[in-house]
Asks: 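Just passing along the structure, written as structure tokens.
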Amino acid sequence: MAKKLADILDEKGMPISFQYGGQSPEEPVDREVKKSPTPRAKALLDLYFDTYSSATIEFPYWYTRRWEELEGEVPIVRRAEALKAAFSHLTPTIWPGELLVMGKAHYYRGSFPMPWLSEGYFMAKEDELYQAALARGAASADEVTKWGTGGGNVTKSFGNVVSIAGKFGIRQEEVPALLKLARAWVGKSVDDIGHKWEMKVPEYQVKENIMRSVVCMFDSGFTLPQGREVINYYYPLQYGFDRLIEMAEELRDKVAGKADGDGVCGMDRLYFYEAVKLVLEGIQTWILNYAKEAKRLASVTEEPVQKKEYEELADRLEWIAHKQPRTFLEALQLTYTIHIAVLNEDCISGMSPGRIGQILWPWFEQDMAAGRLDEKTALEYLELYRVKFTCIDCFASMGVVGGVLSGNTFNHLCVGGLTKDGESAANDLEMLILEAGITCATPQPTLGVLYDEKLPEAFLLKAIECVKTGTGYPAWMNNQTAMNFLLRHYGPEGMTVEEARAWSVGGCLETSAGCWKELTLNGKSYWVPGGCGQPTSVGVHFISLPKILELVLFNGYDHRTKLQVFPAHNKKLETYEELFEQVKDYFAQAVDVLAKCNNIQHDIWRKQNMCVFNSMLKPDCLDKGLHIGQLGYRYNATFNIETEANINLVNSLAALKKLVYEEKKYTLDQMREAMLANFGFKSAEEVGSFSLASQEKREDVGDKYDDIHADCLKAPKYGNDDPYVDSILAEWEDWFCRMCYDYESLYGKPFYACQISVSTHGPMGAATMATPDGRLGGTTFADGSMSAYPGTDRNGAYALFTSATVWDHSMSQNSQLNLKVHPSAIRGLEGSRKLLELTRAYLRRGAFHIQYNVVDSKILRDAQKNPEKYRDLMVRVAGFTQYWVEIGKAIQDEVIARTEYLQV
Amino acid sequence: MAQVVKIDAKHMDCRNFCPVDVVKGICRKSGSKVIIDSPVCPKFEQLPKCKNCAHYTPSPTEEHIGTCGAAESKPWTPAELIAVTCENYQPA
């Protein structure tokens, strides 16, 4: 029987699942903190667990129908009319027990494709989908009750359900309409038009090669043109929709026919304000359709409690469709409605609510003071809010939804930080938000603490209690480091220290610019934070650094695809310095062509598919009369360059430096040969798994590569306070963070560095051969950007922190460190304090982010074997929390293999 | 007056059906989960859909597709499109 990597590493004293600080007990140790949601929230969460991710064509049908009727109209008005038609015709569904309502589509976990962005997937799969639809017969009970691995993902077609992209189910009756809609957008979608124009970039073929060889993971222009940003709920919360429509009409009339000194965009303001009015009317109708449905349900419901709830719901919806909310519940409902409306306007992942506990504070404070609300009721509302956010699905292509996002939608809710005046912004509502994160543990919205030394101890310990549930949240972000980044980067656009304090996290861990707006409620004023910057999901995403190194070593040639990806450099790479310089050179070539092509895609997006609703929400579009694509937002320098697996690059460079260039134990050719031979292991394809633990030794090569593999594994590794390797990280970070400023987005603004992995370390690892750090071909990379490669951080957390902070984190939008802590290490109040001190120790060194997986790896192993027993188990992957059963096995194995800390 | 139940009616055609996903929903009458494709009961009430509308003409060539006669441009429309929010819906 073939030997497995796990056994071989065990023999070498380098176990794949390393435990630091002791050995975990034989029996699995459960998480210490466990609470339950209210029966209402539990019932709705249980319904979620029993729900398939379901797609419908309702929204795209009405959008496309209206769009086609308006051939020749001004594009932004045509789009607004199409959006209005789509919102106005969405079927309202209210599920029993809901107090917070509305959704993307009429299914509980519903979503829909946007063929105007990209229809290519459906056209490529046209025959397959047709055949799948035709082959559907009557569904048997057995077929429809196959749950388990995959959770709510429709991984394959069954019954009358056709699987799309292994994730979404669609009724077979809707497939012909879906394909008809896709055909309507052929040659007209952002994808198609953008592609036509990006091919004009002289180096386009390099871009094509880069994408095929998975040096880069995805094009944001037509996959996720917006996201990883912070929404702004201020205008509807302050004015209500009726007044906003009036304002749009007044402003439209004021600017009609006038350029007011702006010869390029001045005249466009007329069309923008008209578009705003149209979209607001559509959203208003959408809300009122739910109110009508609530009334209808009240009229047919006999049970008095439920009947009254429907009546009250109808009243709330009718009110917020027109006016400023009166109560906390109305305000909470309105923010959720706005959120969904933005997500329906465009394909978005990582639209974060931001600091909702501070935004909704006025209603909470006044309701509590007036006795209209108590903490128990507020907690239930917040639990329901969590369930509703968890029901949000993002319909994007397979590579994006599965490979990049692991199905996650990254609605990051932050607590803490500072007020406009520099005092702690934490409040009692945020304590309840943390409590709801404990009692109703769900992946969305994920939580984050904007850590500042001014935050009260009780608040921080509440956040630690939440960490100890093992949900993977809250993440801990360094408020001061983020503000330094923001001031450095957005200073040229006018950011002040005061405004930097309004920041929050968009998506996983993307530092996003915010601003303060004055909200008045019943005559009292409050300064509330909200987003006012462009998406940060845009730019060059993600560049696989180990793949760049591989191409450097093989003269630009990719052995997997047999493509000459980059022009051959034809260098002998005789010195380590020459090698490192070539890595930088290929990286820069990739960035250059990707940035150009990406700029074109986004330019087409802003011309064809500009957002209207999200634009009007964010300062200062409404004031300027300009949308996002015309620099209507306050901060526009948001395009970034995102890298993947910097730690595998650094470890590999360290191995090459030591073994090839300094000790000269092996030649570069010997290293290349070993890499090509996958260090004597079978290929991941051969094994049928891209997971670390599953890799098997070839039986026909003997021990030929054992020594070189062992030396590569034993070479200095990041995460151990070893200056040999940490200095390479410092050099790389310093160069990378600075070089980003040499590139310019379509908005004429400089790029900056972004360093998170999401779940790309799985698929990008799958496309990369063995690396000089000893990692086998096809297997996952290290997660995040500051996490050690699984099992290689062997000197404790403080050594890891020293390694991670050898560079200035405020030069980058983010950094990401995930730590797996055994529940026994942080038991009781003493354990909580230790974990808080550990967190402080890292952040006080200037680090940006840390996050914990509090879990016993034995439970994860059992969950792999018995997924049906663990439908609600969640883990932190890399900047996001996801249900264990909804992530792929390679990532599951990587999480299991991470070093387990039994001592902090 | 009791409604005549169409022989091919599915739960997703019923006004009392609260859809959960592409497989099932909740019957508002019984409160229990029901499979979309399972037979309906005598309490069936027809849900407004294009295929049930007086303005709908089925396509002679395309399955599950028809034409909406209510709009001036006579656009194509999916037979299964729910029409509870359609301003032109008229029961056939």
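Just so it is clear: chains get the letters A, B, ... in the order the sequence lines come, proteins before strands, and each one is counted from 1.
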Asks: May I ask you to test the Lys10(B)-Asn160(A) pair for a side-chain heavy-atom distance under 4.5 Å?
Replies: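 They are in contact (side-chain heavy atoms under 4.5 Å apart), so the answer is yes.
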
Asks: Between Lys33(B) and chain A, which part of the residue has a heavy atom less than 4.5 Å away: side chain, backbone, both or neither?
Replies: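 Just the side chain, heavy atoms under 4.5 Å.
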
Asks: Name the region of Ser38(B), side chain, backbone, both or neither, that has any atom closer than 4.5 Å to a heavy atom of chain A.
Replies: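 Ser38(B) has no heavy atom closer than 4.5 Å to chain A.
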
Asks: Between chain B and each of Glu173(A), Lys292(A), Glu293(A), count heavy-atom pairs under 4.5 Å; write down the option with the most.
Replies: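 Heavy-atom pair counts peak at Glu173(A).
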
Asks: Give, as side chain, backbone, both or neither, the part of Val84(B) having an atom under 4.5 angstrom from any heavy atom of chain A.
Replies: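 For Val84(B), side-chain heavy atoms alone lie under 4.5 Å from chain A.
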
Asks: Would you compute the distance between atom OG1 of Thr91(A) and atom NZ of Lys49(B) and round it to the nearest 0.5 angstrom?
Replies: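 Answer rounded to 0.5 Å: 9.5 Å.
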
Asks: With side-chain contact (heavy atoms from CB on, under 4.5 Å) as the criterion, how do Arg28(B) and Val300(A) come out once you've worked through the C-alpha distance, each side chain's angles and the decisive distance to 0.1 Å?
Replies: CA-CA 9 Å; Arg28(B) 293 199 189 273; Val300(A) 297; 5.8 Å; no

Asks: Examine distances only and state if a side-chain atom of Trp95(A) and a backbone atom of Pro19(B) form a donor-acceptor pair shorter than 3.5 Å.
Replies: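 Here the side-chain-to-backbone pair exists.
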
Asks: If you look at every heavy atom in Ser54(A) and Val22(B), which pair is closest and at what distance?
Replies: OG-N, 3.0 Å

Asks: Between Leu297(A) and chain B, with a heavy-atom cut-off of 4.5 Å, which part of the residue counts as in contact: side chain, backbone, both or neither?
Replies: side chain

Asks: Drop me the distance from Phe168(A)'s CZ to Asp21(B)'s CG, to the nearest 0.5 angstrom.
Replies: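 Those atoms lie 13.5 Å apart.
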
Asks: Look at atom CD of Glu303(A) and say whether more than 12 heavy atoms of other residues, nucleotides or ligands are closer to it than 6.0 Å.
Replies: yes

Asks: Would you check if Glu69(A) and Glu72(B) make a side-chain contact, meaning some heavy-atom pair closer than 4.5 Å?
Replies: no

Asks: Are side-chain heavy atoms of Ser88(A) and Thr85(B) found at a separation under 4.5 Å?
Replies: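 No. Closest side-chain heavy atoms not under 4.5 Å.
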
Asks: Might you confirm whether atom NZ of Lys307(A) has over 12 heavy atoms from other residues, nucleotides or ligands at distances under 6.0 Å?
Replies: yes

Asks: Between Thr301(A) and chain B, which part of the residue has a heavy atom less than 4.5 Å away: side chain, backbone, both or neither?
Replies: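 Neither part, no heavy atoms under 4.5 Å.
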
Asks: Counting only non-hydrogen atoms closer than 4.5 Å, does Glu58(A) touch chain B with its backbone (N, CA, C, O), its side chain (CB onward), both, or neither?
Replies: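 Looking at Glu58(A), backbone and side chain both touch chain B.
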
Asks: Does some side-chain heavy atom of Arg65(A) sit less than 4.5 Å from a side-chain heavy atom of Pro75(B)?
Replies: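 In contact.
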
Asks: Is a side-chain N or O of Lys180(A) found less than 3.5 angstrom from the main chain of Ile65(B), in a donor-acceptor match?
Replies: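 Checked: no pair found.
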
Asks: Would you mind reporting whether Arg296(A) and Arg15(B) have side-chain heavy atoms less than 4.5 Å apart?
Replies: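 Yes; the side chains approach each other to less than 4.5 Å.
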
Asks: Check each atom of Arg171(A) against the heavy atoms of chain B and say whether the ones under 4.5 Å are side chain, backbone, both or neither.
Replies: both

Asks: When rounded to the nearest 0.5 angstrom, what distance separates OG1 in Thr93(A) from CD1 in Ile26(B)?
Replies: 10.5 Å

Asks: Does any heavy atom of chain B fall under 4.5 Å from the side chain of Ile57(A), the backbone, both, or neither of them?
Replies: side chain

Asks: How far does CD of Glu80(B) sit from OG1 of Thr56(A), to the nearest 0.5 angstrom?
Replies: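 Interatomic distance, Glu80(B) CD to Thr56(A) OG1, rounded to 0.5 Å: 11.0 Å.
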
Asks: Measure across Trp76(B) and Tyr61(A) and return the closest heavy-atom pair with its distance rounded to 0.1 Å.
Replies: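 So the minimum-distance heavy-atom pair works out to O-OH, 2.6 Å.
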
Asks: Which atom names give the shortest non-hydrogen contact between Tyr107(A) and Val20(B), and what distance separates them?
Replies: CB-O, 3.6 Å

Asks: Is any side-chain heavy atom of Lys24(B) closer than 4.5 Å to one of Asp50(A)?
Replies: yes

